[in-house]
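Remember, predicted model here, so these are calculated numbers, not experimental data.
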Amino acid sequence: MRNLIESREQGCVLTVNRCKGVLTDFLNDLNDVQRSAVVTTSGPVMVLAGAGSGKTRVITYRIAYLINNEGVSPGNILALTFTNKAAGEMRHRVDTLLHQGSSRGLWIGTFHSIFARLLRNYIDLIGYNRNFSIFDSDDSKSLIRQSMTELNISVESVPINTVQGMISRAKNSFILPAEFHRNASDYNQQKASQVYELYTRKLKENNALDFDDLLIKPLELFNAHPEVLRELQESFRYIMIDEYQDTNRAQYLVAKMLGAGHRNIFVVGDDAQSIYSWRGADISNILNFQDDYNDARTFKLVENYRSTGNILKAANSVIGRNLRQIKKELVSHRHEGELLTLIEAYNERNEAERVGEQIRTLRQKQGYEYRSFAVFYRTNAQSRVVEDVMRQNKIPYRLFGSVSFYKRKEIKDAVAYLRFILNERDSESLLRIINFPPRKIGDVSISKLREFAEEREITLYDAIRRADEGGFQARLVNALTSFSSVIETLKGLAVNGTVYEVLTELFNMTSIPLLLQAENTPESLARHENLQELLSMARDFSDHNPDAGLLGDFLENISLASDYEETQDSDNYVSLMTVHAAKGLEFPVVFITGLEERLFPLHCYEPEELEEERRLFYVAMTRAQEKIFLSWAQSRYQYGQLHQSLPSMFISEIDSAIVQTESGSLLSDRIAKERPASGLSSMSRGYQQRTSAPVAGGTAPGGQPKPSRPALREGVMVHHALFGPGVVLDVQGSGAKQKVRITFRNAGEKTLMVQYANLKIQ
C-alpha cells in the first residue's frame, strides 16, 4: 500500500521543534472568541464567522497553533479552500506567524487541486492511468458534442451548453449516470442522461477527467477501496475547510469521509453569505453541521472590524428575516457612523446620474478618492447605463467580474448585424454574423464564396446574394439565401424605421434571444438579459430621439462608448460589479442600485430563492466600511418596454430610523406622514405586492373582493416574464403554498410557486 507520508518534505518535525516556544504570545492578537476557537483542537468545530470578523485569521492561527504549540506535523494538516488566492494567503500568513518555510509539507489548496493530487497517487485502483488528463470546459464541450453526434441528438433540439450544465450539476450533487437516467423527467433531461452515460465512457477511454470529476472520483475511490480511505484518514488528522457554506454535495461527502477517522474537522463559514446555490452550493451543509456532529463545538464570530454600527444594524435587520439560518447579530468594533442614504430616481438613467453626483460631491467635500467607491447591481446587464453615465461625466471606472457592456460577445454580435445592415461593404461584420446563429456556413464555404466573389469582381455580400450562380451545393445556397433574406428585410425596415423596430425584428427573425433562453444555463440567461438591455437601450434611444432615432445615430453612440478607455492610466477608479462579484471585498462607500421588486430580489418563485436574494443583499451591505447608498428607479426599460417599478421589499426591512433621503430627512418621518393617508407606506408596497399576488381571485386588504381572474388548471396557456409561453401540466396544493408545474416552449419544464411567479394566463 502506498504511503503519502513517504512523499512529504523531510524536516517537518525539525521545523516544529525549532518553532516551539518561540512564539508564546502570538495568540494575543486574537479576541476571546477567536482564541477559544483556535485552541479547541480536539473534535469537530464550527466557526460561524460573520462578515468582517476575521475568519482567515482564525484558520491560519489555528494551523500555526497546531504546529507551534501542539507539535503536529504539517503533513498531518489538510486545509481546503475555494480559490488559489485564499490558499496562497493562508500559506503566506502561516509562514509569517512562524517563520519562512514553516508551511512546507502542509496540504493547503483548493478542493480541486488537493483532490487531483490525491488521485495522482491512487486513481489506477479504479481503472485509470495516473498520468490522466484534466479536460477544461472547451475539451469537455467537444467530447459532449461527439457523444451527441453518435447518439443522433442534434444541438438544435438540445443545446450543448444545456447538456454540459446538467451533467456538471449532477456531478456536483454526486448523481452518477444511472441515477440521473432514472430520475430524468422532461425531454432535455432524458437526452442529457443518454449523453452523460456515453460522455462518461468516453472520458475513461481518453484517460481523462473533467473538472467535476476531480470531486467525484475520490468518492468512487473511497467506496471501492476503503483501505485507501483509512490510510488518508490516518494521514489527515486535522482537516480545515474555509467558506463551508459554499460546499456542494460532493465536497461535503469527501470532507465527511476523510474526517471520520480522527473527527478533528474544523469548518469556517457564514450561512448568511451563502449565495451560490446556482453553482451547486448547498446551505444545508453548514446548517446541519450540528446534526452531522452532535458533539461539535460552535463559536460565533460576531465582532465586525470593517463596518460602522449603522451599517451592521441595517444588515442585521434584513438578514434576521430569513427562516433558514443560524441566528447571530454582528456588532461593530467601530463607531455608529453615518446613516444610510436612499436615492429615489425617476428612471435608470437618472439613478446612474445621481450616483455620479454623489461620487463627485463626496470627493469634493470629504476628499474621497475614486478608489473608495463601488457600485453594485444585481445583473450584469445593469452595468450598461452606469457605464454610459460614468463615461459622460469623465468618472474613471473599472468593471470587475465581467467585460464592458459593449465588448460582450452577444452585444458585439447584435451590433455587427446593425452595422452590416447600414453598410453592406463591412466584411468584418459580415464574417461575424454569417454563421450566427449557426447556419452550417463554415470556413470552407466562406473560402469558396471569396473565390466566387474574386472571379466575378463583386463584394462578398453580392456573392451571397448570387450564390445560385456559383455552382454551390443546394444546402449552402439555401442557407445563404435565408441569411440574405434576413439582411434585406432589415435593410428595408431601417430606411424609415427606428432602431428599436430594427432590433426587434432582428431578434424575431434570427431567434437569437430565444436560443440563449433555451440553453437555460446561468451564462446563457445572463447573455439573454444583456440582449434585452440592448433592446431597452434602443427603445430608450428611439423614444427620446423621435427625429433622429435612426440606426446610424445609434451606432455612432455605441462606437463612441465602446472606444472609451475605462481605467485610463491610473489605479484610481470607481469599481463596478455585480453583488456576486463583490463577495470578499470591501470599500469605504458602496452604492447598491436597482433595488426594485423583481430586480433585487430577482424573479423569486420559491421561499428558498427569496432567502438567498436576501443573503445577497446582506453581502452587498456588509462590503461597506463607512457609507451605504441604496437606490431604486420608479421606472425602468426592461425587455424593450418601459415598466413602472416598486421599491424592493429589502428597503422596507431596514430600520427606517437609520435611513435618510438625499435631502437629509429621516425615512421614518416620511413613512409616518404617508401612512395615515394611505394606510400603507410606499416602502411597503413592494412587499405587499410580492406576498399577496395569487393568480385567482380572493380578498384584498380591507375585506374588498379582488377581481376574479381565470384559475390555473391543467392545459391552460400561461406566459412568464423570463421563461416565456408555456402550458400548465398540473397544479399542486392551495393558498400561499400552491405550486404549478409548467412546460415552457423554450425553457423546458419548471415547477414554480404561484404567489411569486406572476404568471399571465393567455
Side-chain angles (χ1 to χ4, degrees), residues 80 111-112 114-116 118-130 132-137 139-148 150-151 153 158 160-229 232 246-260 276-282 284-285 288 292 520-521 748-749:
L80 296 166
F111 280 89
H112 291 89
I114 292 292
F115 293 173
L118 292 177
L119 289 169
R120 293 288 179 198
N121 286 310
Y122 297 105
I123 200 167
D124 55 306
L125 295 176
I126 54 173
Y128 291 78
N129 186 290
R130 288 202 220 172
F132 59 84
S133 300
I134 299 176
F135 278 13
D136 63 17
S137 180
D139 298 328
S140 167
K141 189 176 294 185
S142 176
L143 201 59
I144 287 173
R145 185 188 297 274
Q146 290 180 34
S147 302
M148 292 177 70
E150 289 186 22
L151 293 166
I153 300 173
V158 189
I160 288 180
N161 288 343
T162 299
V163 176
Q164 186 178 37
M166 286 183 172
I167 293 173
S168 178
R169 287 191 294 273
K171 288 187 175 186
N172 282 315
S173 299
F174 194 46
I175 298 173
L176 300 181
E179 182 182 355
F180 187 84
H181 180 74
R182 284 195 304 272
N183 296 325
S185 55
D186 62 29
Y187 177 83
N188 284 356
Q189 290 177 0
Q190 290 165 2
K191 295 301 180 184
S193 72
Q194 298 173 33
V195 178
Y196 187 8
E197 186 175 0
L198 180 57
Y199 169 68
T200 300
R201 291 205 305 269
K202 283 185 171 293
L203 279 170
K204 194 163 188 177
E205 289 170 6
N206 283 273
N207 192 42
L209 306 181
D210 65 21
F211 208 53
D212 298 314
D213 283 331
L214 297 176
L215 301 180
I216 67 171
K217 290 303 175 185
L219 292 168
E220 292 183 32
L221 172 69
F222 298 162
N223 288 328
H225 293 276
E227 72 279 6
V228 172
L229 176 59
L232 293 174
D246 294 336
T247 53
N248 59 36
R249 178 70 178 168
Q251 291 162 331
Y252 160 81
L253 288 172
V254 174
K256 190 173 183 182
M257 293 174 82
L258 287 174
Y276 296 121
S277 65
W278 50 278
R279 288 198 320 211
D282 187 351
S284 298
N285 295 343
N288 297 338
D292 291 335
N520 199 30
T521 64
E749 191 174 304

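- The two residues Asp212 and Ser168 make their nearest non-hydrogen contact at OD2-OG, 2.8 Å.
- Residues passing the side chain to side chain contact (heavy atoms under 4.5 Å, CB included) test with Asp282 are Ser284, Asn285, sequence neighbours excluded.
- In this structure, the side chains of Asp246 and Arg279 stay at 4.5 Å or more apart for every pair of heavy atoms.
- Contacts of Gln194 classified as side chain to side chain contact (heavy atoms under 4.5 Å, CB included), with partners at least two apart in sequence or in another chain: Leu151, Ile153, Lys191.
- Across Val254, Leu176, Leu229, a single residue satisfies side chain to side chain contact (heavy atoms under 4.5 Å, CB included) together with Leu219, and that is Val254.
- Here the CZ-CD distance, from Phe115 to Gln251, works out to 7.0 Å after rounding to the nearest 0.5 Å.
- Partners of Ser133 under the side chain to side chain contact (heavy atoms under 4.5 Å, CB included) rule, at least two apart in sequence or in another chain, are Phe135, Ala208.
- In this structure, Lys204 has no side chain to side chain donor-acceptor pair (under 3.5 Å) partners at least two apart in sequence or on a different chain.
- Partners of Thr162 according to the side chain to side chain donor-acceptor pair (under 3.5 Å) rule, which considers only residues two or more places apart in sequence or in another chain, do not exist here.
- Note: Phe111 CZ to Tyr252 OH = 12.5 Å, rounded to the nearest 0.5 Å.
- For Asp292, the salt bridge (Lys or Arg N to Asp or Glu O under 4.0 Å) partners at least two apart in sequence or on another chain are Lys256.
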Show your working on side chain to side chain contact (heavy atoms under 4.5 Å, CB included) between Leu253 and Phe222 and close with a plain yes or no.
CA-CA 11 Å; Leu253 288 172; Phe222 298 162; over 6 Å; no

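- Here the CD-OG1 distance, from Glu205 to Thr200, works out to 11.0 Å after rounding to the nearest 0.5 Å.
- Every residue two or more places apart in sequence or in another chain that forms a side chain to side chain contact (heavy atoms under 4.5 Å, CB included) with Gln189 is listed here: Met166, Ala184, Ser185, Asp186.
- Every residue was checked against the side chain to side chain donor-acceptor pair (under 3.5 Å) condition with Asn288, not counting sequence neighbours, and none meets it.
- Interatomic distance, CZ of Arg249 versus CG of Asn172, reported as 12.5 Å (0.5 Å rounding).
- Taking the salt bridge (Lys or Arg N to Asp or Glu O under 4.0 Å) definition, one finds that Glu220 meets it with Lys217, sequence neighbours left out.
- In this structure, Leu119 and Asp213 have side chains that are not in contact, with every pair of non-hydrogen atoms separated by 4.5 Å or more.
- Here the straight-line distance linking atom CG of Leu209 with atom OG of Ser140 works out to 11.5 Å at 0.5 Å rounding.
- Scanning both residues, Leu214 and His112, for their nearest heavy atoms gives CD1-O, 3.9 Å.
- Residues passing the ring pair (Phe, Tyr, Trp, His ring centres under 6.0 Å) test with Tyr199, sequence neighbours excluded: none.
- The closest donor-acceptor contact from the side chain of Ser193 to the backbone of Gln190 lies under 3.5 Å.
- Remark: Ile175 CD1 to Asn183 CG distance equals 7.0 Å, nearest 0.5 Å.
- Applying the side chain to side chain donor-acceptor pair (under 3.5 Å) test to Glu179 and every residue at least two apart in sequence or in another chain returns nothing.
- Counting only heavy atoms from C-beta outward, the side chains of Ser137 and Gln164 approach each other to under 4.5 Å.
- The two residues Lys171 and Ile216 come nearest to each other via the heavy atoms O-CG2, 3.0 Å.
- For residues 172-193, every residue pair satisfying the ring pair (Phe, Tyr, Trp, His ring centres under 6.0 Å) rule, not counting sequence neighbours, is listed here: Phe180-Tyr196.
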Verdict with supporting geometry, Ile126 and His225, side chain to side chain contact (heavy atoms under 4.5 Å, CB included)
CA-CA 9 Å; Ile126 54 173; His225 293 276; 4.3 Å; yes

